[in-house]
Amino acid sequence: MASYWNSFTPRERRNIAIYIGGIMLYKLGLESFNGSIVTLATDRFKAANTFSKLGALTGLNQAMQVVGSILIAPLVKKFPTRSVLASAILVFGLITTLFLIIDAATGGKPKVSNGDKLKYGSWDPNALFPLYMISGVAYGMVELIRRIIPRDIVGGDVQKLRKMDATVHIMYEVAGTCGALLSVKLIKVFGNNYSFLITPPLFALAGLTWSFIDRLGHGSNAGKVVDAMDDSKSIGNTNYLHSIATGAKAFARSTYKGAIITMSNRKFIWLLPGYSFARTYLHFRPSSA
């Protein structure tokens, strides 16, 4: 362990510790949010087309994640990576706060203060669509930028990047497991509408923590990394709409090619029923609450 840490400079060790602390706070809040929002939508969409709306809600959120990841490229070229990451997570936290505020303002109550019974607010469930779409944009930005920032911390040293990525991945999964277990307990105590009340403060703490990361002189690498991911090879004056259109085109192309590979080869045909359908059932199964 000593030799592992000695491979980094004191300044890099400080930044790695700060980054890991922030990523664990983020993952705890994220698991709490994800563990509640789909179940909340299932309960609120009380209609014959409940699962159609759930599919649309989830699909739009994932589409907005693509948009968020595309919007990152111009931002990291103009601003420090740590600032973009901290700002994105704060926006994500603000959106999750709106879910709680809207429910409370329209008469919703936590289970623990309502005789252990669920009581949702009178707000229109269709409001989940714009809120969840905006949260998808922020989520996409955070998920992409957190894969770029390690290069800002340790530079282009491949061995350092591997060691750091391994450590971050372990701690990220530990926090995710703890968050998932905590989410189950919070849903039982507070209900689906308030079980993610720890998410906004955890996101705020994560953003505040990440803001203390030093730039280390590697900030210019972030733009190069994003350019390497971008097949469009966009020039400096390319606008956001063009970037989104290019990303959407690439996404559609990859989806089409992936479908052909999966559906035309016996080696991969099992993936659709064995993974996709099973995962969909786990996400959309009726709540027992």
Side-chain angles (χ1 to χ4, degrees), residues 18-44 54 57-62 64-66 68-69 85-86 88-101 103 110-112 118 128 131-147 149-150 165-210 275-276 278-289:
I18 292 174
Y19 178 68
I20 290 176
I23 205 78
M24 293 184 73
L25 290 169
Y26 162 70
K27 186 60 172 177
L28 278 171
L30 180 65
E31 287 298 327
S32 178
F33 179 71
N34 287 340
S36 306
I37 193 66
V38 174
T39 311
L40 170 63
T42 304
D43 288 348
R44 292 307 314 272
L54 275 174
L57 182 68
T58 306
L60 288 171
N61 178 264
Q62 292 175 350
M64 291 300 102
Q65 291 177 32
V66 176
S69 63
L85 179 60
I89 193 65
L90 289 176
V91 172
F92 198 176
L94 178 62
I95 298 303
T96 59
T97 304
L98 287 177
F99 283 100
L100 300 171
I101 293 174
D103 193 77
K111 286 177 65 176
V112 70
L118 279 172
L128 284 168
L131 291 175
Y132 203 40
M133 287 172 65
I134 297 173
S135 70
V137 174
Y139 182 31
M141 295 176 74
V142 173
E143 285 298 304
L144 180 63
I145 201 71
R146 74 176 184 84
R147 290 171 171 80
I149 204 169
D165 285 343
T167 305
V168 170
H169 181 72
I170 292 171
M171 303 309 295
Y172 186 75
E173 293 303 324
V174 169
T177 302
C178 294
L181 295 173
L182 180 61
S183 176
V184 174
K185 181 63 176 179
L186 291 174
I187 290 176
K188 291 181 179 179
V189 175
F190 296 100
N192 303 321
N193 50 343
Y194 286 93
S195 58
F196 54 93
L197 56 83
I198 65 170
T199 299
L202 285 174
F203 280 2
L205 286 174
L208 180 63
T209 301
W210 282 330
Y275 178 78
S276 300
R279 186 177 177 86
T280 301
Y281 170 76
L282 290 174
H283 276 289
F284 294 157
R285 69 186 186 277
S287 172
S288 59

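The backbone N or O of Leu28 sits nowhere less than 3.5 Å from a side-chain atom of Ser32 that would complete a donor-acceptor pair. For the pair Asn61 (side chain) and Tyr132 (backbone), a donor-acceptor distance under 3.5 Å is present. In terms of modelled atom types and a separation under 3.5 Å, the side chain of Ser195 and the main chain of Ile187 share no donor-acceptor contact. Put simply, the side chain of Trp210 never gets that close to the backbone of Leu85: no donor and acceptor are under 3.5 Å apart. Ser183 places no side-chain N or O within 3.5 Å of a backbone atom of Gly179 that could act as its donor or acceptor partner.
The OG1 atom of Thr199 sits 8.0 Å away from the CG atom of Leu197 when rounded to the nearest 0.5 Å. Here the CG atom belonging to Leu90 is positioned 10.0 Å from the OG1 atom belonging to Thr97, to the nearest 0.5 angstrom. Expressed to the nearest 0.5 Å, how far CD1 of Ile198 lies from CG of Leu25 amounts to 10.5 Å. Here CG of Leu208 is found 15.0 Å from CZ of Phe203. Values are rounded to the nearest 0.5 Å. Here CD of Gln65 is found 8.0 Å from OG of Ser135. Values are rounded to the nearest 0.5 Å. Tyr139 OH to Leu30 CG: the interatomic distance, rounded to the nearest 0.5 Å, is 4.5 Å.
Side chains of Tyr26 and Glu143: a donor-acceptor N/O pair is present below 3.5 angstrom, by distance only.
Between Met171 and Met24, the shortest heavy-atom distance links the atoms CE-SD, 3.6 Å. Taking both residues in full, the closest heavy atoms of Gly21 and Thr209 are given as C-CG2, 4.4 Å, listed atom of the first, atom of the second, then distance. Shown here for Ile89 and Gly207, the closest heavy-atom pair between the two residues is CG2-CA, 3.4 Å. Across every non-hydrogen atom of Gly93 and Pro200, the tightest pair is O-CB, 4.0 Å.
Side-chain contact between Gln62 and Thr58 is present, with heavy atoms from C-beta onward closer than 4.5 Å. For the pair Phe196 and Leu186, the minimum side-chain heavy-atom distance is 4.5 Å or more.
In summary, of the residues considered (Thr39, Thr42, Asp43), a side-chain hydrogen bond (donor to acceptor under 3.5 Å, both in side chains) with Asn192 occurs for Asp43 alone. Remark: of the listed residues Val137, Ile145, Leu144, Val137 is the sole one forming a side-chain contact (heavy atoms from CB on, under 4.5 Å) with Met141.
Both tests hold for Arg146 against Tyr172: distance to the six-membered ring centre under 6.0 Å, angle to the ring axis within 45°.
Classified by interplanar angle (parallel below 30°, tilted 30° to 60°, perpendicular above 60°), the ring pair Phe33/Phe92 is perpendicular.
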